Amino acid sequence: DAGVIQSPRHEVTEMGQEVTLRCKPISGHNSLFWYRQTMMRGLELLIYFNNNVPIDDSGMPEDRFSAKMPNASFSTLKIQPSEPRDSAVYFCASGEGHGRPQFFGPGTRLTVL
Amino acid sequence: SQKIEQNSEALNIQEGKTATLTCNYTNYSPAYLQWYRQDPGRGPVFLLLIRENEKEKRKERLKVTFDTTLKQSLFHITASQPADSATYLCALTNTGTASKLTFGTGTRLQVTL
């Protein structure tokens with residue numbers, strides 16, 4: 001199994017631009033999670049899906065952030081417009097839900113200038 | 001307020017010794033508690049999971065204890081090796097929150113020769 005796949009691995013953009021991060025979960029996993037990691041705040045859950053349905057988006061910082069999961073094998077996290085404070089590493093993870101282990105992708109390092 | 005606290009200071013130990021990392025939580029009723037390892041530039045990797053009704057779990061050189069009275073989990077690595085050097089994160093699933101995992105800030109372990 002290839003594990004969780006994220007793209008791009010690195011993204012550098014200018015303030016105000018739209019950013020789209022992509023994730024392919026492990027086949028057969030029914031839960032997908034988006035996290036953000038910074039030195040100051042650690043690893044924070046942004047949103048998670050069960051069976052492609054968003055369950056908890058209370059961690060999404062504001063309306064500039066949106067996430068979709070159109071099918072079981074693909075999810076996107078979009079930031080529009082991006083701001084310098086969005087600079088962080090964004091991880092996607094998948095799992096079988098209900099407290100079971102999560103499997104993380106390699107992350108996308110986002111830098112907003 | 002809810003907190004998951006791990007020692008923010010790095011733990012330095014000598015090769016061959018047992019490393020013990022602490023995770024304390026406040027205002028949670030965890031159904032599950034998990035430990036992850038994170039290396040620089042990579043996503044967290046699952047190590048062990050322990051349920052609320054379990055006191056201890058072992059896997060090779062790793063041992064986790066879970067004391068719901070003290071609201072604490074201890075993570076032990078016996079016969080530590082330089083390759084064990086990494087950041088270790090505890091994470092818990094609160095009862096009733098299904099798949100949602102909340103992470104502590106992690107403790108960096110450095111094993112020296």
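So you know, we letter chains A, B, ... as the sequences are listed, proteins then strands, and number each from 1. Keep in mind it's a predicted model, so treat the numbers as computed, not measured.
- Between A:Tyr35 and B:Phe103, the distance separating the two ring centers is shorter than 6.0 angstrom.
- The contact between A:Arg100 and chain B is made entirely by backbone atoms, counting heavy-atom distances below 4.5 Å.
- Using a 4.5 Å cut-off on side-chain heavy atoms (C-beta onward), A:Gln102 and B:Tyr36 make contact.
- By the 6.0 Å contact criterion, CD on B:Glu60 is open, its count of non-hydrogen atoms from other residues, nucleotides or ligands being 12 or less.
- Nearest heavy atoms, B:Leu49 versus A:Pro101: CD1-CD, 4.0 Å.
- Among the residues in residues 78-86 of chain A, none has a non-hydrogen atom closer than 4.5 angstrom to a non-hydrogen atom of chain B.
- Connection of B:Trp35 to B:Ile4 is established within a shared hydrophobic cluster, with ILVMFWY side chains joined at heavy-atom distances below 4.5 Å, either directly or through further cluster members.
- Other residues, nucleotides and ligands contribute only 12 or fewer heavy atoms inside 6.0 Å of the CZ atom of A:Arg109.
- Only the side chain of A:Ser58 comes within contact range of chain B, with at least one heavy atom under 4.5 Å from a heavy atom of that chain.
- B:Ile77 and B:Leu11 end up in the same hydrophobic cluster when Ile, Leu, Val, Met, Phe, Trp and Tyr side chains are linked at under 4.5 Å.
- Comparing B:Pro30, B:Gly43, B:Pro44 by how many heavy-atom pairs each has under 4.5 Å with chain A, the most go to B:Pro44.
- Interface residue A:Leu45: only side-chain heavy atoms are found under 4.5 Å from chain B.
- Residue A:Phe103 does not touch chain B at all, counting heavy-atom pairs closer than 4.5 Å.
- Residues A:Leu77 and A:Met15 are members of one and the same hydrophobic cluster, defined by side-chain heavy-atom contacts under 4.5 angstrom among Ile, Leu, Val, Met, Phe, Trp and Tyr.
- Checked options A:Ile55, A:Asn30, A:Asn50; the residue passing with B:Ser99 is A:Asn50 (criterion: side chain to side chain contact (heavy atoms under 4.5 Å, CB included)).
- Annotation: B:Glu9, atom CD; neighbour count of heavy atoms from other residues, nucleotides and ligands within 6.0 Å does not exceed 12.
- Rounding to the nearest 0.5 Å gives a distance of 11.0 Å between NZ of B:Lys100 and CZ of A:Phe33.
- Linking Ile, Leu, Val, Met, Phe, Trp and Tyr residues whenever their side-chain heavy atoms come within less than 4.5 Å places B:Phe66 and B:Leu62 in a single cluster.
- More than 12 non-hydrogen atoms from other residues, nucleotides or ligands lie less than 6.0 angstrom from CG of B:Asn53.
- In this structure, B:Arg42 CZ and A:Phe91 CZ are separated by 11.0 Å, a value rounded to the nearest 0.5 Å.
- At a 4.5 Å heavy-atom cutoff, the contact between A:Gln37 and chain B is made by side-chain atoms alone.
- For A:Pro106, the part lying near chain B is the backbone, with the side chain staying farther off; criterion is any non-hydrogen pair under 4.5 Å.
- For the atom pair CG of B:Leu101 and CG of A:Leu43, the computed distance is 8.5 Å after rounding to the nearest 0.5 Å.
- Grouping the Ile, Leu, Val, Met, Phe, Trp and Tyr side chains by contacts below 4.5 angstrom, directly or via other members, places B:Val45 apart from B:Leu48.
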